[in-house]
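Accompanying notes for the structure given below.
Numbered from 1 within each chain, the chains take letters A, B, ... in sequence-line order. A quick note: this is a predicted structure, and the numbers were derived from the prediction, not measured.
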Amino acid sequence: MKAAELAKTFDHHDFEDRVYEAWRASGGFRPDEDGSRDPFVIVIPPPNVTGVLHMGHGLNNSLQDILIRYYRMKGRPTLWVPGTDHAGIATQNVVERKLREEGTTREELGRDEFVERTWKMKEEHHSVITKQLEKIGASCDWSRERFTLDDGLSRAVREVFVALYERNLVYRGEYLVNWCTSCGTALSDDEVEHREVNGQIWRVRYPLVDGPGSIEVATTRPETMLGDTGVAVHPADERYAHLVGARVRLPLTDREIPIVEDSFVDREFGTGAVKITPAHDPNDWAMGERHDLARINVLTAAGLINENAPEKYRGMTVKEARKAVVADLESRGFLVEVKDHVHQIGHCYRCDTVIEPWQSTQWFVRMQPLAEKALKAWEDGEIVFYPRRWENTYTHWLRNIRDWCISRQLWWGHRIPVWYDDESGDVIVSRTDPTEDPAYAGRSLRQDPDVLDTWFSSWIWPFSTLGWPEQTPDLDRFYPTTALVTGYDIIFFWVARMVMAGIEFMGAAPFRDIYITGLVRDIHGRKMSKSLGNGIDPLDIVDSYGADAHKFTLAYLSAQGQDVPIETESFQLGSKFANKIWNATRYLLMNLGGRTPVPFAEVTLDNVDRWIYHRLNDTIARMDAAMAEYRFNEAAHGVYEFFWNDFCDWYIEASKLSLYAEDDREKDRKMSLLLYVLEETMRLLHPLMSFISEEIYGQLPDTLQPADGTRRSPVLMTAAFPRVHGERSNESVAASFASLQELVRGVRTVRSEFAIPPVRKIDASVRFEADFASAQFIRSASNLITMLAGIGALEFVEDEDRRAGSITAVGTGFEVYLDVRALIDVDTEVSRIERAIEKEERLLLQSTRKLSSEGFVAKAKPEVVARERERVRETENRLERLRRVLDDLTRS
RNA sequence: GGGCGAAUAGCUCAGUUGGGAGAGCGCCUGCCUUACAAGCAGGAUGUCGGGGGUUCAAGUCCCUCUUCGCCCACCA
């Protein structure tokens with residue numbers, strides 16, 4: 001075999017870009033054409049084109065990539081659909097901010113030019129996002145990439161809107177909506193973030209029209225009194241019973257308004273009387289309906305006091321108006337009291353402006369019928385959350401569903417497919433443009449100026465991306481998809497709505513497994529955010545630590561359902577692992593020169609080989625189990641421990657016995673096995689350490705054929721994932737090897753405690769207990785033990801004679817006498833043995849207590865009792881021997 | 001006002017059916033042993049938040065309390 005040589009120093013920059021291009025060129029990102037097997041499909045949660053990817057995307061896309069690569073290697077036709085989201089408000093805000101910096105506005109620019117500008121920005125961000133996904137190694141099918149505003153998806157959006165309108169699930173109406181005065185648009189209830197705010201509560205006296213006296217109301221929003229059209233008290237409130245039906249003069253205005261009774265009122269709160277402002281509060285809106293009160297809107301779209309208010313307040317902001325109104329109330333003697341008051345205030349989830357409940361005409365989706373089906377899909381087990389607890393969030397939202405306001409007063413988005421004929425009053429809801437339809441020739445039609453909520457295109461993402469409403473082969477083959485990987489912050493925005501749309505339009509939930517990732521946080525547990533400046537850019541991580549380190553570290557730290565606290569240095573975990581893999585491989589390849597490969601079928605396995613295959617087998621099983629349960633950290637821990645602790649620390653170390661010896665046939669044999677194990681291990685590692693495993697796979701000798709009967713693949717990405725082989729399992733070898741490790745470690749511990757340098761070999765004698773099961777194994781591995789423990793001459797003895805003048809390492813079933821007595825201090829050794837005895841005594845006490853306790857022997861499982869008895873036997877045995885050692889020491 | 005999560009080694013966190021407490025980093029000791037000092041070998045460190053209960057057996061199941069965090073909710 002030729003001695004391939006890896007670079008002395010590991011540097012991921014040397015191959016990552018090249019490897020990614022090789023993957024792309026291999027065609028492996030696309031699902032294979034064999035449609036007969038069960039496909040594994042993920043559609044990406046489309047990142048917003050507003051910005052660039054942050055660590056949250058890094059996590060979520062890393063996990064998707066791990067799943068995709070695992071199932072691809074498992075042989076399933078695997079598809080990961082990439083794409084981006086136009087993100088209506090968010091994107092429009094970014095562009096508008098830019099325009100402001102340039103000293104202009106979108107109104108000045110005009111709608112068409114504004115949209116064009118936005119497209120341009122979309123292109124720029126899109127290329128950055130794509131680049132980032134490539135850099136982190138995302139193995140998605142770029143030939144199927146979609147954008148929520150592309151032609152196909154726009155058509156799907158129109159289809160959905162019109163179809164829902166036809167089914168009476170979309171309607172238009174004038175209601176109180178959540179209005180962001182800064183974005184200038186309505187928002188859905190879910191887009192409002194409620195936060196506790198320190199405010200005040202004012203008590204104001206409204207004088208009666210007839211006669212003296214007045215009624216006091218409490219309010220947190222005094223400025224809205226300008227739009228009051230009533231006062232409500234509880235029907236059973238005796239304090240106010242005599243006032244019901246009376247009228248009050250609304251201060252600062254010339255309006256007279258009635259006092260009504262309504263059981264909504266809480267008698268305990270405030271004064272027990274509440275002002276009613278139907279046009280500016282959802283509860284008041286409802287009360288206004290019940291009592292047929294006028295709705296007086298006192299705010300403009302920009303949030304300024306309008307012409308319905310007394311002249312002096314017009315044009316003021318809410319804040320200014322509040323101040324002015326309070327001042328006027330006070331000076332005219334209407335203000336009774338001001339108190340500090342903590343309450344919840346809604347804020348815009350995009351720009352953080354305080355939300356105004358504001359009356360306007362909007363389009364809505366009737367959610368109840370859709371929600372019922374989405375709930376049923378969960379009840380029937382059609383969808384499953386990982387971790388399970390998120391189903392509470394899902395069902396709670398669906399059970400308390402409210403209609404969805406879908407129209408947005410923006411320019412960036414899907415234009416609502418509705419046209420108005422102002423002359424006739426006709427409302428035309430159409431899949432195609434009626435202005436181009438001869439049937440409407442001669443009529444003056446005006447398209448609805450508004451666009452649809454971004455989520456209105458997102459909720460159909462799992463099937464619109466596959467070509468719907470066309471009946472495409474992709475749709476047929478890949479819908480429903482298999483898994484969704486996303487964050488808990490968008491369970492209602494997105495996940496629940498996708499289930500609704502999937503059932504409504506495709507007749508089936510859009511995915512089966514919903515994996516909810518934790519949030520990436522900084523090391524102090526704080527959310528990463530621009531304002532805190534504690535964000536980490538995935539590209540920076542990829543550059544300094546490598547894409548594999550990025551993905552592996554995130555997976556390793558990603559306990560299911562838990563947030564992921566991370567700092568830049570955390571990624572050392574992954575990069576050190578990559579370095580380890582690189583160097584282990586380098587060692588193997590260095591020793592390839594002059595070796596003749598042995599076909600696996602002709603290789604005889606020694607005990608150590610059997611052991612490593614046993615461990616490999618276990619690790620594959622552990623990986624399979626972890627992946628089936630979406631336990632990414634478990635998968636990562638499994639391969640990490642196997643590669644580092646088993647393969648490197650023991651198997652490779654043990655192989656030096658063969659490779660540094662003179663026997664060419666043995667060298668060939670061991671070298672071949674090292675390669676076989678390495679080859680299979682690279683396949684095992686690939687989903688988690690994709691770049692480096694691919695690079696190494698490509699460096700393995702072309703002639704090397706996998707030991708498990710699978711075929712070498714042109715690229716590792718599409719090679720077969722290792723399988724569990726029953727015949728590789730060998731518990732007896734595993735147990736014996738564990739004894740060997742105990743023995744070696746015992747010697748090493750003594751060496752270390754007495755600071756005996758590695759170069760100094762020590763002679764040793766080993767004595768076995770009579771029935772020690774691993775005796776033969778260890779006896780046959782004496783050369784190996786000699787090497788691993790730094791022993792000079794090793795003897796196996798029958799009695800304890802050799803203990804004299806030696807240091808003893810006591811193990812389960814054996815003891816080792818080390819001829820280093822001259823080097824050590826007896827007192828140190830005595831105290832070491834005494835500590836060991838104390839430890840064993842503690843263990844023994846635990847076990848005997850257990851065994852002597854009532855019920856344990858009777859009720860515990862028999863194997864548990866048996867194990868406990870075995871432990872007692874072993875512990876007593878070790879203890880007894882330790883005491884003899886101590887005796888010998890103290891006597892001499 | 002409901003619901004959920006967290007509390008385990010100095011730090012950040014794992015711990016899958018209950019059956020002798022783990023990792024990474026940090027710390028201490030000794031090693032530049034011809035794959036790797038981004039390394040090797042060894043070591044120290046825990047009333048598993050408090051209290052109660054179930055059980056032969058609890059970090060793990062139940063109740064309760066405390067402290068953080070998140071989500072939902074129309075109390076002006």
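Comparing B/U45 with B/C36, their C1' atoms are spaced 29 Å from each other, to the whole Å. Across B/A37 and B/C11, the matching C1' atoms stand 23 Å from one another, rounded to whole Å. Nucleotides B/G53 and B/U60, compared at atom C1', are 15 Å apart to the nearest Å. Spacing between B/A21 and B/A9 at atom P, rounded to whole Å, works out to 15 Å. Between B/G39 and B/C25, the distance separating the two C1' atoms is 16 Å to the nearest Å. For the C1' atoms, the distance linking B/U8 with B/A58 amounts to 14 Å, nearest Å. A gap of 14 Å separates the P atoms of B/G59 and B/G52, to the nearest Å. B/G19 and B/C13 have their C1' atoms separated by 25 Å, given to the nearest Å.
Within a 6.0 Å sphere centred on CD of A/Glu268, heavy atoms belonging to other residues, nucleotides or ligands number 12 at most. In this structure, A/Lys761 places its NZ atom where more than 12 heavy-atom neighbours from other residues, nucleotides or ligands lie under 6.0 Å away. No more than 12 heavy atoms of other residues, nucleotides or ligands sit less than 6.0 Å from atom CZ of A/Arg760. Summarising the local packing, CZ of A/Arg869 is surrounded by 12 or fewer heavy atoms from other residues, nucleotides or ligands at distances under 6.0 Å. Residue A/Arg388 places its CZ atom among 12 or fewer non-hydrogen atoms of other residues, nucleotides or ligands, all under 6.0 Å distant.
Computed from coordinates, the A/Trp582 CH2 to B/A37 C1' distance equals 19 Å when rounded to whole Å. Taking atom CD of residue A/Gln699 and atom P of nucleotide B/A35, one finds them 18 Å apart after rounding to whole Å. To the nearest angstrom, C1' of B/G15 lies 11 Å from CZ of A/Arg622. If you take OH of A/Tyr630 and P of B/A14, they are 21 Å apart, rounded to a whole angstrom. When the C1' atom of B/G22 is taken as reference, atom CD of A/Glu634 falls 12 Å away, rounded to whole Å. The CD atom of A/Gln572 sits 16 Å away from the C1' atom of B/C36 (whole-angstrom rounding). The CD atom of A/Glu840 sits 16 Å away from the P atom of B/G20 (whole-angstrom rounding). Rounded to a whole Å, the CD1 atom of A/Ile696 is 15 Å from the P atom of B/C36.
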message: So if I define the base as every atom that isn't primed, P, OP1 or OP2, how would nucleotides 67-76 of chain B read as a B/S/- string at a heavy-atom cutoff under 4.0 Å?
response: -----SBBBB
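Relative ring orientation between A/Tyr386 and A/Tyr630 is described as tilted, the plane-to-plane angle lying within the 30° to 60° band. Between A/Trp397 and A/Phe492, the ring-plane angle classifies as parallel under the 30° and 60° cut-offs. Between A/Trp582 and A/Phe10, the two ring planes are tilted [angle within 30° to 60°]. The aromatic rings of A/Phe269 and A/His341 sit perpendicular, their planes meeting at an angle over 60°, well past the 30° parallel limit. Relative orientation of the A/Trp358 and A/Trp179 rings is tilted, given thresholds of 30° and 60° on the angle between their planes.
Summary of the strand contacts: A/Lys839 and A/Gln562 both lie near RNA chain B, and taking for each the nucleotide with the nearest heavy atom, the more 5' one is attributed to A/Gln562.
Judged by the 6.0 Å and 45° rule, A/Lys656 forms a cation-pi pair with A/Tyr587.
Each of B/C36, B/G24, B/G43 was ranked by its minimum atom distance to the side chain of A/Tyr556; first place goes to B/G24. Closest to the side chain of A/Thr749, out of B/A38, B/G42, B/C4, is B/G42. Comparing B/G20, B/A35, B/G39 by their nearest atom to the side chain of A/Thr875 picks out B/G20. Closest to the A/Ser752 side chain, of the nucleotides B/U29, B/G39, B/A14, is B/U29.
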Measure all distances between protein nitrogen or oxygen atoms and nitrogen or oxygen atoms of nucleotides 54-56 of chain B, and list the pairs falling under 3.5 Å.
residue : atom : partner  : partner atom : Å
B/C56   : OP1  : A/Lys859 : NZ           : 2.1
B/C56   : O4'  : A/Glu854 : O            : 3.3
B/C56   : O2'  : A/Ser853 : OG           : 3.1

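Between B/G39 and A/Lys576, a contact under 4.0 Å exists linking OP1 or OP2 to a side-chain N or O. Between A/Ser570 and B/G24, a side-chain N or O to OP1/OP2 separation shorter than 4.0 Å is absent.
As judged by a 4.0 angstrom heavy-atom cut-off over every strand, A/Ala755 is placed among residues making no nucleic acid contact. When heavy atoms are screened at a 4.0 angstrom cut-off, A/Trp644 is found touching the sugar-phosphate backbone but no base atom. In this structure, A/Leu843 reaches the bases: a heavy-atom distance under 4.0 Å links it to at least one base atom across the strands shown.
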task: Test salt bridge (Lys or Arg N to Asp or Glu O under 4.0 Å) on A/Glu216 and A/Arg239 and set out the steps.
output: CA-CA 12 Å; A/Glu216 278 179 27; A/Arg239 292 173 296 176; over 6 Å; no
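Residue A/Met367 holds its CE atom at 8.0 Å from CG of A/Leu398, rounded to the nearest 0.5 Å. Here the NE2-CD distance, from A/His343 to A/Gln200, works out to 9.0 Å after rounding to the nearest 0.5 Å.
A/Thr229 and A/Arg295 share no donor-acceptor pair across their side chains, judged by distance under 3.5 Å alone. For the residue pair A/Tyr349 and A/Glu193, no side-chain donor N or O sits within less than 3.5 Å of a side-chain acceptor on the partner.
Residue A/Val233 forms a side-chain contact (heavy atoms from CB on, under 4.5 Å) with just one option from A/Ile215, A/Val217, A/Thr271, A/Val274, and that option is A/Ile215. Residue A/Phe385 forms a ring pair (Phe, Tyr, Trp, His ring centres under 6.0 Å) with just one option from A/Tyr515, A/Trp390, A/Trp378, A/Tyr394, and that option is A/Tyr394.
Heavy-atom distances under 4.0 Å link RNA chain B to A/Cys648, A/Asp649, A/Ile652, A/Glu653, A/Lys656, A/Tyr660 of residues 645-661 of chain A, given in residue order. Sorted by residue number, the members of residues 864-872 of chain A with any non-hydrogen atom under 4.0 Å from RNA chain B read A/Val864, A/Arg867, A/Arg871.
By the ring pair (Phe, Tyr, Trp, His ring centres under 6.0 Å) test, A/Tyr556 pairs with A/Phe552, A/His637, A/Tyr640, sequence neighbours left out.
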- line: Secondary structure of RNA chain B per the Watson-Crick/G-U criterion (both distances under 3.5 Å; [ ] crossing, | other strand, . unpaired) is (((((((..((((.....[..)))).(((((.......))))).....(((((..]....))))))))))))....
